[in-house]
Every structure is written in structure tokens, then in C-alpha cells.
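Structure first, then comments.
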Protein chains: 2
Amino acid sequence: MDGTEKLNKTRERIIETIAQNIHLYGLSPSVGRQYGTMFFHNEPLTLDDMTEELGMSKTSMSTSVRALTDLKLVERAWKKGVRKDLYQATDDWYQSFIDLFSIKWRRSISLHSVSIRKSLAELESLVNDPTVIEEVKQDAQLDIAKLVYIRDYFEWLDRLVDVFESHDIFNFVPMKDSSKD
Amino acid sequence: MDGTEKLNKTRERIIETIAQNIHLYGLSPSVGRQYGTMFFHNEPLTLDDMTEELGMSKTSMSTSVRALTDLKLVERAWKKGVRKDLYQATDDWYQSFIDLFSIKWRRSISLHSVSIRKSLAELESLVNDPTVIEEVKQDAQLDIAKLVYIRDYFEWLDRLVDVFESHDIFNFVPMKDSSKD
DNA sequence: TAGTTTGTACAGTTTTTTCCGTTCAAACGA
DNA sequence: TCGTTTGAACGGAAAAAACTGTACAAACTA
């Protein structure tokens, strides 16, 4: 058996595994396959390169490369004399994991916080409204307790993301080797 | 304006926010809406209750309740004299966040680890094979370095999940109030 | 045992997402 | 200036996912 063939097989296995797990990043398998291909490619790639490599349209490459750069899984590269845009996979997986939180979870925290604040204010005014009957006020009190609880939860989550973003998490759960950070 | 109406509005806002962010748990908005409804419902619900509450088919309720229980966002409840299955939202959001990691990320870590181990073994045998040409061996060496790196990353991720599962994370990022855990 | 009730499997339909081909605007080169 | 190249917007086709109604098996009731 040819060595090159064997080499490709080992790569394909990893790429396929990435493709089947990238839903954790909110991306579809083919986008994962694209990322995996870029990860093993030691040179930056153009959209046309990817089109050829993956047998998909340039339009697809364009949109999925955008999705990947939004999550900072891929970044633009520069090479003198090349007019086309070049892209390469970011090589820091720890940072990619952190970026996922920064981008996706932080947004969710923010959206929830806004809703909770609004609803809490309305519920407070409701329990202070003398025209509202007692039974409704009791329900409102229950809801207030729930919203205070999840507000605290999101506040915790926010601090958790801080700990990732600041890299303090590595003091608590250290990396195996210290070549990074 | 009626107080009940106002109360419902505050709930709807939160439910809708949950629905629009539950994709972080790999669930669709309507499943999120179902969870939100259960969260505010102070009594356990049957599938028929949910059908009525959400105006969706019983089949949908059945499948999505399963998805929610798989992620431990919903659990079965018991009530004497009631033959139908009862479900209620779990009330510990911190634990739900942790369970997400235990269930989804741990699985991904495991799948990646298997693939990496296999591919690494094959690459090692390739570089030790005297019939393989030098150039391929050099490529293999590059791949080995990459795989060792991501193996270390997943090993770190595994320890990170440990820290969540064991609740040690709360020593590092404490909850606001100490009524939990 | 026969008749209900309850949850889920299955097949079909609707909705959403993914992907492609074409088109177009911006950047570059002659 | 006018062509050429490149990346992305847009509409439509294909694929996937969500949802429904029917059918059925298991558990309960009489």
C-alpha cells in the first residue's frame, strides 16, 4: 500500500470526526469538513482551492468560510503576490473553545439579561399595583423568585466566561504543556 | 389592563428568549418553548397538557420531551392517582449547564480521542516503515505533531469537564448565593 | 377476557436549511 | 478607460429537519 494513501486515510478519519462533532459550534458537517481540510493543509487556501479540494461550489465555500471566521476558527492569511483572499485554520484550539463562549454564550447571556430585567420590572410594578387581585400577585411573586434565580445564574455564567476570556481558567485547569499562552 | 394578561406577557418574553437561545443545547426553538412553558408551570404536566398548552401534536410533545430528558432539562414526576406520565422542568440551571458538558462535550471528546489514537498509531507505523519514501514521512511527522497537539487539547477539555462535573468549578467561580450545593 | 388509555413508531407532509448557478459590484491591470 | 478577476448577493433546487395523523403495543380497568 502506498504511504500517501495511508497518510490520507489517517487525515480523513480525523476530518470526519471533526465534521460529526462541529455541531457543538453550531456548524454543519460540511463546514466541519472544510475546517478539517484547512487544518491539515499547511499552506493557506483560496476559495478556489477549497472548491477543488472539497468538490463544492465557490458560493458554498464563501459562506462557510465566513461562518468559520465569525467563530474565529479560520483567519485570513496574507502572501505576497497573491491577489485572491487566503484563509487558514487557526491553530489554537484552546482559544477557539474560549471564543465559542465569548461569541455564542455571551450573546445568549446578554439577551436573557435584557428579558429578565424587563420582566422583573413589570412584575414588581404588578405586585405594587393596588388594583391587582391577590391571587395574581402571588403568582407574580413566584415568577419573581424564578427570575431572580435565573438572573443569578446568568450572572454566574457571565463570570465564568470572564474566567475563560482572561485565561484564568488555565490556572485552575492547566494545560499539559506550557508552550501555549 | 388585566394583571393576568400582564403576568403572561412577562412569561412569554422569557419563554421566547429561551426558545431563541436553546440552540446552544442543540435543540430547536419549539423545544425551547416547551421547556419554557414547563419552567413556569408550577405543576408537572402530561403530554396532553402540553399538546393543549402549545397547540402541537402529541407526537411532537413525546419526541421533544424525550430530547429534553436526554439533556436532563426535564425529568419525570410522580403524582398519586395519575396514570399518565408527568414531566417537569428541572430547576437547577447550573446543573443543566454542567450536564450539557457531561453529555454532549464528553461524547465529542471520546469520539475524537478514539480517532486520534487510531490515526496516531497508523502514522507512527508509517514513519517506521522502511519502504515509505522520505517525503511522505516528513508529512506524517507534521501530522503527528498536530495530532499530539489536539490530543493534549482534548485531554485538557476532559479535565475541564471533570471540574464541572465534580462541582469544583464553584470553588473557582462561586455562585452568588450559597443556597445551592 | 375484552375494552380503554397512553406513549411511541412509522410514513407522509410541510417547513427550513443547505447548496448551486447566475449575476453583479469592487478591485485590479493594461 | 475598458477588460479581467474575485468574492458575495440572490433566486431556485435539493436535502434535511420538524411536525402531524394514523396505527399499534403495552399497561391498566372492569
Side-chain angles (χ1 to χ4, degrees), chain A residues 15-16 18-38 43-71 73-89 104, chain B residues 15-16 18-38 43-71 73-89 104:
Chain A
I15 291 172
E16 206 49 42
I18 292 172
Q20 311 224 337
N21 286 282
I22 200 125
H23 66 270
L24 291 166
Y25 282 73
L27 301 173
S28 63
S30 37
V31 180
R33 217 163 284 121
Q34 186 172 1
Y35 173 80
T37 306
M38 296 174 82
E43 291 292 312
L45 292 167
T46 68
L47 292 182
D48 289 322
D49 292 336
M50 300 176 208
T51 294
E52 180 156 5
E53 195 88 34
L54 296 161
M56 288 175 70
S57 76
K58 200 173 173 182
T59 306
S60 289
M61 297 302 98
S62 179
T63 54
S64 48
V65 143
R66 165 136 56 172
L68 286 165
T69 48
D70 284 351
L71 283 170
L73 288 168
V74 157
E75 61 189 2
R76 295 178 73 138
W78 298 103
K79 215 164 146 187
K80 58 186 175 190
V82 179
R83 281 233 320 253
K84 305 184 184 185
D85 292 357
L86 288 164
Y87 302 95
Q88 65 188 354
K104 295 240 177 209
Chain B
I15 291 172
E16 206 48 42
I18 292 172
Q20 310 223 335
N21 286 283
I22 200 118
H23 65 272
L24 291 166
Y25 282 73
L27 300 173
S28 64
S30 36
V31 181
R33 216 163 285 120
Q34 187 172 1
Y35 173 80
T37 305
M38 297 174 81
E43 291 292 314
L45 292 168
T46 67
L47 292 183
D48 289 323
D49 293 336
M50 300 176 207
T51 295
E52 181 157 3
E53 194 87 34
L54 296 161
M56 287 175 70
S57 74
K58 199 174 173 183
T59 307
S60 288
M61 296 303 99
S62 177
T63 56
S64 48
V65 141
R66 166 136 57 171
L68 286 165
T69 48
D70 284 350
L71 283 172
L73 288 168
V74 157
E75 60 190 3
R76 294 179 73 138
W78 299 101
K79 216 164 144 186
K80 56 185 174 192
V82 179
R83 279 228 327 246
K84 304 183 185 185
D85 291 359
L86 288 165
Y87 302 94
Q88 65 188 353
K104 295 238 176 207

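Numbered from 1 within each chain, the chains take letters A, B, ... in sequence-line order.
- In this structure, the side chains of B/L27 and B/L68 come closer than 4.5 Å at one or more pairs of heavy atoms.
- Crowding of A/E75 atom CD: a count of heavy atoms from other residues, nucleotides or ligands under 6.0 Å exceeding 12.
- One interatomic measurement links the two molecules: CG of B/L54 to P of D/dT20, which rounds to 10 Å at whole-angstrom precision.
- Position along DNA chain C of the nearest nucleotide to B/R83 versus B/R66 favours B/R83 as the more 5'-ward residue.
- Rounded to an integer number of Å, the gap from B/L68 CG to D/dA18 P is 13 Å.
- By the 4.5 Å heavy-atom criterion applied to side chains, B/T37 and B/M50 are not counted as neighbours.
- Residue B/R76 contributes atom CZ, which lies 8 Å from atom P of C/dG7 at whole-angstrom precision.
- Following rounding to the nearest Å, A/K84 (NZ) and C/dC28 (P) show an atom-to-atom distance of 16 Å.
- The B/S62 side chain lies nearest to C/dT8 when the options are C/dT8, D/dT20, C/dC20.
- Rounding to whole angstrom units, CG of residue A/D48 and P of D/dT4 are separated by 17 Å.
- For the pair B/D85 CG and C/dT5 C1', the computed distance is 12 Å after rounding to whole Å.
- Look at CG on B/L47: it is 7 Å from P on C/dT8, rounded to the nearest Å.
- Residue B/T46 is the one, among A/S30 and B/T46, whose nearest nucleotide of DNA chain C lies closer to the 5' end (criterion: closest heavy atom).
- For B/T59 and D/dG21, a side-chain-to-base donor-acceptor distance below 3.5 Å is present, hydrogens and geometry of angles not being considered.
- Exactly one of A/D49, A/D48, A/D85 qualifies for a salt bridge (charged side-chain N to carboxylate O under 4.0 Å, His left out) with A/K58. That residue is A/D48.
- Heavy atoms of B/S57 sit under 4.0 angstrom from at least one base atom.
- Summarising the geometry, the separation between NZ on B/K58 and C1' on C/dA9 is reported as 14 Å, rounded to the nearest angstrom.
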